[in-house]
Amino acid sequence: MGFRLGSQELANEFLRLQDENAETQAKLKGLSIRLIMLGLDAPGNEDKQLAIDIENGRFIDIQVQTKPAPSDLRTAPFDKTKYDARVVAPQQTFIDLISGKLSLLEALDKVKIEGDIGKLMAQFAGFMAFIEFISTMGIEP
């Protein structure tokens with residue numbers, strides 16, 4: 001069974017699975033980031049936002065918001081005091097990146113990144129491990 005990207009079910013699965021795989025734990029260790037992923041125009045004509053707080057490779061908090069597209073999530077100001085980065089892209093771009101149909105380099109043309117790019121780049125290996133972790137969950141369009 002797969003999960004829809006941006007769903008509460010997926011967020012719950014992140015929390016449930018984070019302790020089950022020692023290899024994943026090792027790859028995520030050291031990743032500390034407060035990240036917003038905003039997927040635009042998801043199936044069902046929705047915008048889906050995941051606000052994720054990861055501390056030393058552990059999911060501390062995950063907030064899910066879904067609103068009819070186009071939503072005010074698109075124009076909400078980015079709060080740099082609460083989050084390190086916000087990544088905005090069409091939902092399909094995130095799905096293609098997670099499924100491996102799109103490389104990170106190819107995805108950079110299709111995403112908008114706000115916030116502390118330096119912090120994101122400094123934790124590149126951990127961020128890629130996070131993408132790999134998501135890819136194991138059978139993400140559905």
Side-chain angles (χ1 to χ4, degrees), residues 1-21 23-141:
M1 179 180 112
F3 296 92
R4 292 211 180 264
L5 189 61
S7 68
Q8 186 63 53
E9 294 79 17
L10 179 63
N12 294 344
E13 194 68 359
F14 284 173
L15 296 168
R16 187 183 77 77
L17 289 177
Q18 71 180 339
D19 294 324
E20 288 193 3
N21 185 319
E23 184 179 336
T24 299
Q25 289 173 13
K27 287 180 182 177
L28 291 175
K29 188 172 179 77
L31 178 62
S32 294
I33 195 157
R34 298 163 302 154
L35 176 70
I36 294 174
M37 293 175 63
L38 175 56
L40 307 176
D41 301 315
N45 198 32
E46 297 176 319
D47 291 339
K48 295 184 173 227
Q49 178 173 283
L50 287 175
I52 305 167
D53 185 358
I54 302 173
E55 188 65 42
N56 196 22
R58 298 209 36 87
F59 295 97
I60 304 302
D61 188 37
I62 304 172
Q63 300 293 316
V64 177
Q65 281 188 286
T66 301
K67 294 186 173 187
S71 73
D72 60 350
L73 295 172
R74 297 174 184 217
T75 57
F78 174 59
D79 186 348
K80 293 178 183 177
T81 64
K82 288 180 72 175
Y83 297 98
D84 299 313
R86 174 167 60 184
V87 182
V88 180
Q91 184 81 344
Q92 191 60 50
T93 299
F94 285 121
I95 292 168
D96 290 348
L97 176 64
I98 291 164
S99 69
K101 292 179 185 173
L102 190 65
S103 72
L104 184 60
L105 191 58
E106 293 168 321
L108 287 177
D109 285 358
K110 301 172 190 294
V111 301
K112 177 182 172 189
I113 303 173
E114 297 174 82
D116 190 343
I117 307 298
K119 184 170 185 172
L120 199 56
M121 295 285 83
Q123 300 189 76
F124 183 77
F127 183 73
M128 289 309 297
F130 170 63
I131 297 295
E132 184 181 311
F133 174 69
I134 298 172
S135 74
T136 66
M137 297 185 171
I139 300 299
E140 295 178 353

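By convention here, the first residue in the shown sequence is residue 1.
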- Compute the ring centroids of Phe59 and Phe133, then answer whether they are less than 6.0 Å apart. yes

Minimum heavy-atom separation for [X] and [Y], please, with both atom names.
X	Y	value
Val64	Gly6	CG1-O, 3.1 Å
Ser32	Glu55	OG-OE2, 3.3 Å
Pro90	Lys110	CD-O, 3.8 Å
Arg86	Ala76	NH1-O, 2.9 Å

Ionic contact status for [Y] with [X], cut-off 4.0 Å:
X	Y	value
Arg74	Asp41	yes
Glu46	Lys67	no
Asp84	Arg34	yes
Lys80	Asp116	no

Kindly compute the distance separating [atom1] ([X]) from [atom2] ([Y]), expressed to the nearest 0.5 Å.
X	Y	atom1	atom2	result
Leu50	Thr66	CG	OG1	8.0 Å
Ile60	Ile52	CD1	CD1	12.5 Å
Gln18	Leu28	CD	CG	8.5 Å
Lys112	Phe78	NZ	CZ	10.5 Å
Asp53	Ile33	CG	CD1	10.0 Å
Glu114	Asp79	CD	CG	11.5 Å

- For atom NZ of Lys119, decide whether the heavy atoms of other residues, nucleotides or ligands shown that lie under 6.0 angstrom number more than 12. yes

Any side-chain heavy atom of [X] within less than 4.5 Å of one from [Y]?
X	Y	answer
Leu5	Gln91	yes
Leu38	Val87	no
Leu31	Asn56	no
Met137	Phe14	yes
Leu35	Met37	yes
Phe127	Leu120	yes
Thr93	Val111	yes

Output a table of donor-acceptor pairs, distance under 3.5 Å, between side-chain atoms of residues 94-101 and any protein atom two or more places apart or on a different chain; print 'none' if there are none.
residue, atom, partner, partner atom, Å
Asp96, OD1, Gln92, NE2, 2.8
Ser99, OG, Ile95, O, 3.1
Ser99, OG, Asp96, O, 3.2

- Message: Looking only at the side chains, is there a donor atom on one of Asp47 and Gln49 sitting less than 3.5 Å from an acceptor on the other?
- Response: no

- Item | Test item: side-chain donor near acceptor, Ser103 and Glu106, under 3.5 Å | yes

- Hey, mind stepping through Arg16 and Glu20 against salt bridge (Lys or Arg N to Asp or Glu O under 4.0 Å) and telling me if it holds? CA-CA 8 Å; Arg16 187 183 77 77; Glu20 288 193 3; 3.0 Å; yes

